[in-house]
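Notes follow once the structure below has been shown.
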Amino acid sequence: MENKKIIFSGMQPSGIPTLGNYLGAFKNWLDFQDKYNCIYFIADMHAITVRQEPAKLRKNIKELFALYLAIGLDLDKSIIYVQSSVPAHAELSWILNCYTYMGELSRMTQFKDKSQKQGNNIPTGLFTYPVLQASDILLYQTDLVPVGEDQRQHIELVRDIAIRFNNLYGDIFKIPDMYIGKVGAKVMGLQNPTKKMSKSETDNKNNTIYLLDDLNLISNKIKRSVTDSDNEVRYSEDKPGIKNLISIYSAITKKSIDEIEKEFMYSGYGNFKSAVAEVCVEEIRPIQQRFNEIIKDKAFLEQSMKEGYEKANNMANKTLFKVKRKIGMI
Ligand code: TYM
């Protein structure tokens, strides 16, 4: 690999990716691809922290891999692989569990949210999830992790764990920075714009735009989104629905908030929603076309996963062996 900065990020195959995943993560991943050494993985070991149906998980992994390619990630430029194929993630995760404190993990807001939905039987993996995330990132000597706003706390913890480990054993891990985009880093639900749009949403499908939704459905979901009654296209905290639509429009068109407010000052919500719907549909249409081609080619997908595994496995083992030696393992 050329001597460029290393970018590392990933997504859970816990459902079809959403417009939030696209604007908060995918779009930034693409921007990094030409200038840096990028590694993008499929976080299937993270996905099993909540119960998954095996056949569906397998399908989700393949579809997510195909989607990575359909959005424009390029196997000649980036390493793309499936987490569970590289054993070093699990191994380093165990080791780092011994360097992470219960108090730190208890403070993670994602754990608090997700564990509430699990009743009395909260899987331990849900609790130690951020340690696995630390292992992912630290195995590859990552410089920069592009994520959405909801991952900020996890990446901060990854840095803390790495610094703690380095203080004990020398410069083993690169301390990663995070990259969170200015727009699109937190896309909210269309029906409930005070909560983030999530791919594991089960209650109300109209709340979420899935990248593989029928294009008409995408348009309708946006047109039916919850707004307010003052009919003024203005970016404001007390107008969460409109604020969210402006952010989405801005992230896709790259127009500034000011420009958008001016453009739609007199147009009312109906016209504005139609404009947002149109840019979303036109952004997603070519992705779906490419996806439909790629997903058909099973042999190509399998071969690509294998190549990704080989490259990632080599890199990850280098760090893992260093860690094991340093802590006294043979
Ligand atoms: P996941 O699968 O929940 O989400 C993948 C990426 O999408 C971003 N994202 C959003 N961005 C904007 N608006 C939203 N509504 C929205 N929802 C999700 C997330 O911030 C993320 O960047 N723990 C990670 C997966 C992971 C990982 C890693 C990421 C495991 N190890 C190492 C980076 C580095 C997760 O659950 O992402």
Side-chain angles (χ1 to χ4, degrees), residues 6-30 32 38-50 52 57 60-61 63-64 67-68 71 81-84 86 89-90 92-93 96 108-111 113-114 125-126 128-140 142-159 161-162 176-201 207-211 240 243-244 247-248 250-252 312 316:
I6 295 183
I7 308 288
F8 183 93
S9 199
M11 194 172 287
Q12 293 190 61
S14 48
I16 307 291
T18 69
L19 184 66
N21 296 128
Y22 180 72
L23 298 177
F26 280 159
K27 240 174 139 44
N28 296 326
W29 297 4
L30 273 179
F32 285 116
C38 296
I39 308 169
Y40 298 121
F41 82 120
I42 291 179
D44 59 341
M45 286 161 66
H46 281 88
I48 61 163
T49 54
V50 297
Q52 303 285 337
L57 179 61
N60 282 344
I61 294 170
E63 289 190 347
L64 189 54
L67 251 181
Y68 277 18
I71 60 151
Y81 74 98
V82 179
Q83 182 183 29
S84 61
V86 176
H89 289 257
L92 183 61
S93 186
L96 294 183
M108 294 295 117
T109 54
Q110 186 173 300
F111 170 70
D113 289 349
K114 288 198 176 175
L126 201 56
T128 57
Y129 176 116
V131 185
L132 181 58
Q133 187 156 350
S135 310
D136 304 336
I137 295 168
L138 300 177
L139 276 174
Y140 297 90
T142 301
D143 291 284
L144 198 62
V145 188
V147 283
E149 188 58 50
D150 61 333
Q151 294 298 315
R152 183 184 290 277
Q153 200 187 22
H154 285 164
I155 311 293
E156 273 163 9
L157 178 60
V158 173
R159 289 170 53 88
I161 297 171
D177 286 316
M178 65 184 121
Y179 174 88
I180 296 180
K182 287 196 183 62
V183 278
K186 193 165 190 192
V187 176
M188 311 305 271
L190 296 175
Q191 294 297 317
N192 180 3
T194 55
K195 245 184 99 207
K196 76 163 182 178
M197 185 182 281
S198 160
K199 66 174 120 56
S200 41
E201 167 89 49
N207 199 36
T208 306
I209 290 182
Y210 299 94
L211 293 181
K243 177 173 176 250
N244 190 35
S247 301
I248 292 171
S250 169
I252 295 177

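Counting convention: from 1, in listed order, for ligands and their atoms alike.
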Atom 29 (C) of ligand 1 [closest protein heavy-atom partner, distance rounded to 0.1 Å]: Gly10 O, 3.5 Å

What do we get for Ile137 next to ligand 1 when only non-hydrogen atoms under 4.0 Å count, side chain, backbone, both or neither? side chain

Quick one: look up the protein heavy atom nearest atom 27 (C) of ligand 1 and list residue, atom name and how far away it is. Gln133 NE2, 3.6 Å

Ligand 1-proximal atoms of Lys199, by part, heavy-atom distance under 4.0 Å: side chain

Heavy-atom contacts under 4.0 Å between Phe41 and ligand 1: side chain, backbone, both, or neither? side chain

Side chains of Pro17 and Met11, heavy atoms from C-beta outward: is any pair under 4.5 Å? yes

Proximity winner for atom 15 (N) of ligand 1, if only heavy atoms of Ile39, Val187, Ile155, Thr142 are counted: Val187

How long is the straight-line distance from OG of Ser198 back to CG of Asn21, given to the nearest 0.5 Å? 8.0 Å

Need the ligand 1 atom indices (1-based, order shown) with element for anything under 4.0 Å from a heavy-atom of Ala25. 6 (C), 7 (O), 22 (O)

Which value, rounded to the nearest 0.5 Å, describes the distance between Lys114 atom NZ and Thr109 atom OG1? 11.0 Å

Heavy atoms only, cut-off 4.0 Å: how does Asp136 contact ligand 1, side chain, backbone, both, or neither? side chain

Could you please spell out the steps behind the side-chain contact (heavy atoms from CB on, under 4.5 Å) verdict for Ile155 and Ile137? CA-CA 9 Å; Ile155 311 293; Ile137 295 168; 3.8 Å; yes

Met11, portion touching ligand 1 at heavy-atom distance under 4.0 Å: both

Give the residue, atom name and distance (to 0.1 Å) of the protein heavy atom nearest atom 37 (O) of ligand 1. Gln151 NE2, 3.9 Å

Where ligand 1 meets Gln12 - atom numbers and elements under 4.0 angstrom, heavy-atom basis: 2 (O), 35 (C), 36 (O)

Can you measure from OG (Ser135) to CD (Gln83) and round to the nearest 0.5 angstrom? 9.0 Å

Does the Asp143 side chain pair with the main chain of Ile6, one donor and one acceptor, at a distance under 3.5 Å? yes

Numbered in order shown, the ligand 1 atoms found under 4.0 Å of a heavy atom of Gly184 are 12 (C)

Roughly how far apart are Gln52 CD and Asn60 CG, rounded to 0.5 Å? 7.0 Å

At under 4.0 Å between heavy atoms, is it the side chain or the backbone of Val145 that contacts ligand 1, or both, or neither? side chain

Closest heavy-atom approach to atom 22 (O) of ligand 1 among Ser9, Ala134, Gly148 is made by Gly148

Identity and separation of the nearest protein heavy atom to atom 23 (N) of ligand 1: Tyr129 OH, 2.7 Å

Any nitrogen or oxygen of His154, side chain or backbone, less than 3.5 Å from one on ligand 1? no

Within the 3.5 Å criterion, strictly below it, is a donor on Ser247 or Asn244 matched to an acceptor on the partner's side chain? no

Between Val147 and ligand 1, is there a nitrogen or oxygen pair with a distance under 3.5 Å? no

Would you say Gln110 and Asp150 are linked by a side-chain donor-acceptor pair, where the criterion is simply a distance under 3.5 Å? no

Interatomic spacing from OG1 in Thr208 to CE in Met188 - rounded to 0.5 Å: 12.0 Å

Just one of Tyr40, Tyr22, Tyr179 clears the ring-ring contact (aromatic ring centres under 6.0 Å, His included) bar with Trp29, so which one? Tyr40

When only distance counts, is Gln110 in polar contact with ligand 1, meaning an N/O pair under 3.5 Å? no

Any non-hydrogen side-chain atom of Val86 less than 4.5 Å from a side-chain atom of Phe41? no

Quick check for you: to the nearest 0.5 Å, what is the distance between Ser93 atom OG and Asp136 atom CG? 8.0 Å

Which residue and atom name correspond to the protein heavy atom nearest atom 18 (C) of ligand 1, and how close is it? Asn21 ND2, 3.1 Å

Does Asp150 reach ligand 1 with a nitrogen or oxygen that is under 3.5 Å from one of the ligand's nitrogen or oxygen atoms? yes

Is there a salt bridge (charged side-chain N to carboxylate O under 4.0 Å, His left out) between Arg159 and Glu156 once you walk through the steps? CA-CA 5 Å; Arg159 289 170 53 88; Glu156 273 163 9; over 6 Å; no

Does any N or O atom in Glu149 lie less than 3.5 angstrom from one in ligand 1, N or O only? no

For atom 10 (C) of ligand 1, which protein heavy atom lies nearest, and how many Å away is it? Gly20 O, 3.5 Å

Logged contact type for Ala185 with ligand 1, heavy-atom cut-off 4.0 Å, is backbone

Tell me: protein heavy atom nearest atom 30 (C) of ligand 1, and distance? His46 CE1, 3.4 Å

